[in-house]
2 protein chains.
Amino acid sequence: MVVPKKKSANGWSLPGSPLYREVRRQIVNAIDALEWRPGEVIPSEKILCERFGVSMGTLRKAVDELVVTGVLVRKQGLGTFVGQHSQNRYLFSFFHLVGRDGQKEYPGVVFRAFAVTAADNVTAQSLGVKVGARLFCLSNVLSLQGKVTSMDEIYLPALQFRGLTEQRLRDRRTTLYQMYQDEFRITVARTSERIRGCAANRSLARVLQTDIGAPLLEIIRVAYTFQDRPIELRYSYVKTEKCEYQTGTYFGSRT
Amino acid sequence: MVVPKKKSANGWSLPGSPLYREVRRQIVNAIDALEWRPGEVIPSEKILCERFGVSMGTLRKAVDELVVTGVLVRKQGLGTFVGQHSQNRYLFSFFHLVGRDGQKEYPGVVFRAFAVTAADNVTAQSLGVKVGARLFCLSNVLSLQGKVTSMDEIYLPALQFRGLTEQRLRDRRTTLYQMYQDEFRITVARTSERIRGCAANRSLARVLQTDIGAPLLEIIRVAYTFQDRPIELRYSYVKTEKCEYQTGTYFGSRT
DNA sequence: CAGTGGTCTAGACCACATT
DNA sequence: ATGTGGTCTAGACCACTGT
């Protein structure tokens, strides 16, 4: 069988940046450029092979990597789709509280407050903005099985969420991450969380309907886009009397 | 090009259990049967292709899946190795506490207690043993940056850890998971953790050198083998004054 | 140098979903 | 019937490692 010594366009692949990475990069670029939008089909594998000038195997390797990270979703017989946030996806990927029975359930969310603030030192660092930058701050109360469970305080860089208002938050019927995606074209790709124990102060005790000094989880979450830029800082204060934070780890590490 | 209508031995692959899964299963079986031991090289890909009667692409797909879960490790130019536990691996995969600066550090471990007990209801359920089954219970105190941080209470089914004694625990110089692997031929493949907030009682306060009522994290971990059988139940009580529990999640889900 | 994994090709047939 | 992704083949050359 005859194999050309060099790939046509880009002068063959270097080690560490093989051809399928380049293909992956081009696919991500097309998604960033909104050529294909969340939930839409992308062209068939055969057509993408021609477009990028690679074989099926190489294209599939590129798509495989985007599938495991959730950027793309394959549906046999239908096509390959750009991943999108949904309530189920949120529940499965980003919401870690479960009942004592281990069952997952989408929480009841009640809007609590909305404000415009300026980034302090810590917040600016976490969000990668300048100290004093305009931020939106919103707060929700979450319930599981009808019981108040958690209070969230969420900080968003105003620049990326231009036009966000209290009314839009009150009216929304989707998860916040769906709203980021559909209304602001921001897709949350991964989150990083740090957890500490803390005692309820007077304010938290009132909101969470518990005693002052009750042990809570403080969860500090930073959410990142596909380009790995931080886009949301969230503090959650969780009363774990009737629920638990659940997570799992594998022997191997995730790349 | 001519392709045979059927695979030789096993009558072609069914949907949902394709050929590369069968190959994967056979590789895992060989590891379970100790044909290849943790840290050892397995035969080259070409030889495995012949052994299983499949092509390179199929074999690589099987190996790929075992690599992402850490069962196998590829080293270019050297070969493919059976994964093994190490201190670094533990730190990276299973130890989630970091300093407030976000830096990881292997904790100082001080042996605290060893006992033989019988499984109660909850423990039996978690470990998949009968109520009343013999268990070993051991307890350690963990320190980060020289400061007492966490108290662990670990339950192990005595049946699988025959011969474990207090002296062996005191003498050990490796992580527990290395000991499970090297001395008992048990490899921890994944863990599942549930986290709650709790207040220090008198005993915990003394061990962790803090006040009664201080907010702690209670982490309940179950560790599983490659066959997904529970093998360890661990309660950790963590003082998060100088450290945090850190975790991350991706858009896609892990399979 | 020989042997290993890493990448890539050009196709084939299978299983699924829609028309 | 057509088109999609899912699986599989039988090789090729590239890059790395140890002798």
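Every heavy atom of this structure was used, including side-chain atoms; hydrogens, water molecules and symmetry mates were not. Note that the structure is predicted; figures quoted are calculated from it, not measured. Protein chains get the first letters and strands the later ones, always in sequence-line order, with residue 1 at the start of each.
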- prompt: At under 4.0 Å, does any side-chain N or O of Tyr20(B) touch on OP1 or OP2 of dT7(D)?
  reply: yes

message: From CD of Glu45(A) over to P of dG3(D), roughly how many Å is that when rounded to an integer?
response: 16 Å

task: Heavy atoms only: give me the nearest Lys104(A)-Leu91(A) pair and the separation to one decimal.
output: NZ-O, 2.8 Å

field: dG5(C) OP1/OP2 closer than 4.0 Å to side-chain N/O of Arg60(B)
entry: no

task: Let me know the distance between CG of Leu19(B) and C1' of dA10(D), rounded to the nearest Å.
output: 15 Å

Euclidean distance, atom NZ of residue Lys46(B) to atom P of dT7(C) [Å, nearest integer]: 18 Å

- prompt: Rounding to a whole Å, what distance do you find between Phe81(B):CZ and dG5(C):P?
  reply: 9 Å

- prompt: Starting at CD of Glu65(A) and ending at P of dG6(C), how long is that distance when rounded to a whole Å?
  reply: 13 Å

statement: Out of dC16(C), dT7(D), dA17(C), minimum distance to the side chain of Gln76(A) belongs to dC16(C)

- prompt: Looking at the side chain of Ser44(A), which of dT9(C), dT9(D), dG5(D) is the nearest nucleotide?
  reply: dG5(D)

Separation of dG5(D) C1' from Ile42(A) CD1 (nearest whole Å): 11 Å

- request: Check whether any side-chain nitrogen or oxygen of Thr58(B) sits under 4.0 Å from OP1 or OP2 of dT7(D), and answer yes or no.
  value: no

query: Between dC8(C), dG11(C), dT9(C), which nucleotide gets closest to the side-chain atoms of Met56(A)?
result: dG11(C)

- prompt: Choosing from dC8(D), dG6(D), dT7(C), which nucleotide comes nearest the side chain of Arg74(A)?
  reply: dG6(D)

- prompt: Side chain of Leu78(B): nearest nucleotide among dT17(D), dT7(D), dC8(C)?
  reply: dT17(D)

task: Indicate yes or no: at least one non-hydrogen side-chain atom of Thr80(B) is less than 4.5 angstrom from one of Val41(B).
output: no

- prompt: Roughly how many Å is it from CG in Leu59(B) to C1' in dG11(D), rounded to a whole number?
  reply: 15 Å

Candidate pair Ser93(B) and His85(B), rule side-chain hydrogen bond (donor to acceptor under 3.5 Å, both in side chains), full reasoning: CA-CA 10 Å; Ser93(B) 287; His85(B) 283 275; over 6 Å; no

- line: Side-chain contact check for Val54(A): nearest option of dC8(D), dG5(D), dT9(C) is dT9(C)

- request: Figure out the NZ/C1' separation between Lys75(A) and dG3(D), and round it to whole Å.
  value: 17 Å

message: Starting the side chain at C-beta, find the nucleotide from dG5(D), dT7(D), dT9(C) nearest to Ser55(A).
response: dT9(C)

message: Could you check whether any side-chain heavy atom of Thr191(A) comes within less than 4.5 Å of a side-chain heavy atom of Val222(A), counting everything from C-beta outward?
response: no

task: Would you please confirm or rule out a distance under 4.0 Å between OP1 or OP2 of dC8(D) and any side-chain N or O of Lys61(B)?
output: no

- line: Between Thr80(A) and Gly57(A), whichever has its closest DNA chain D nucleotide further toward 5' is Thr80(A)

field: Heavy-atom check, side chain of Tyr180(A) versus side chain of Leu156(A), under 4.5 Å
entry: yes

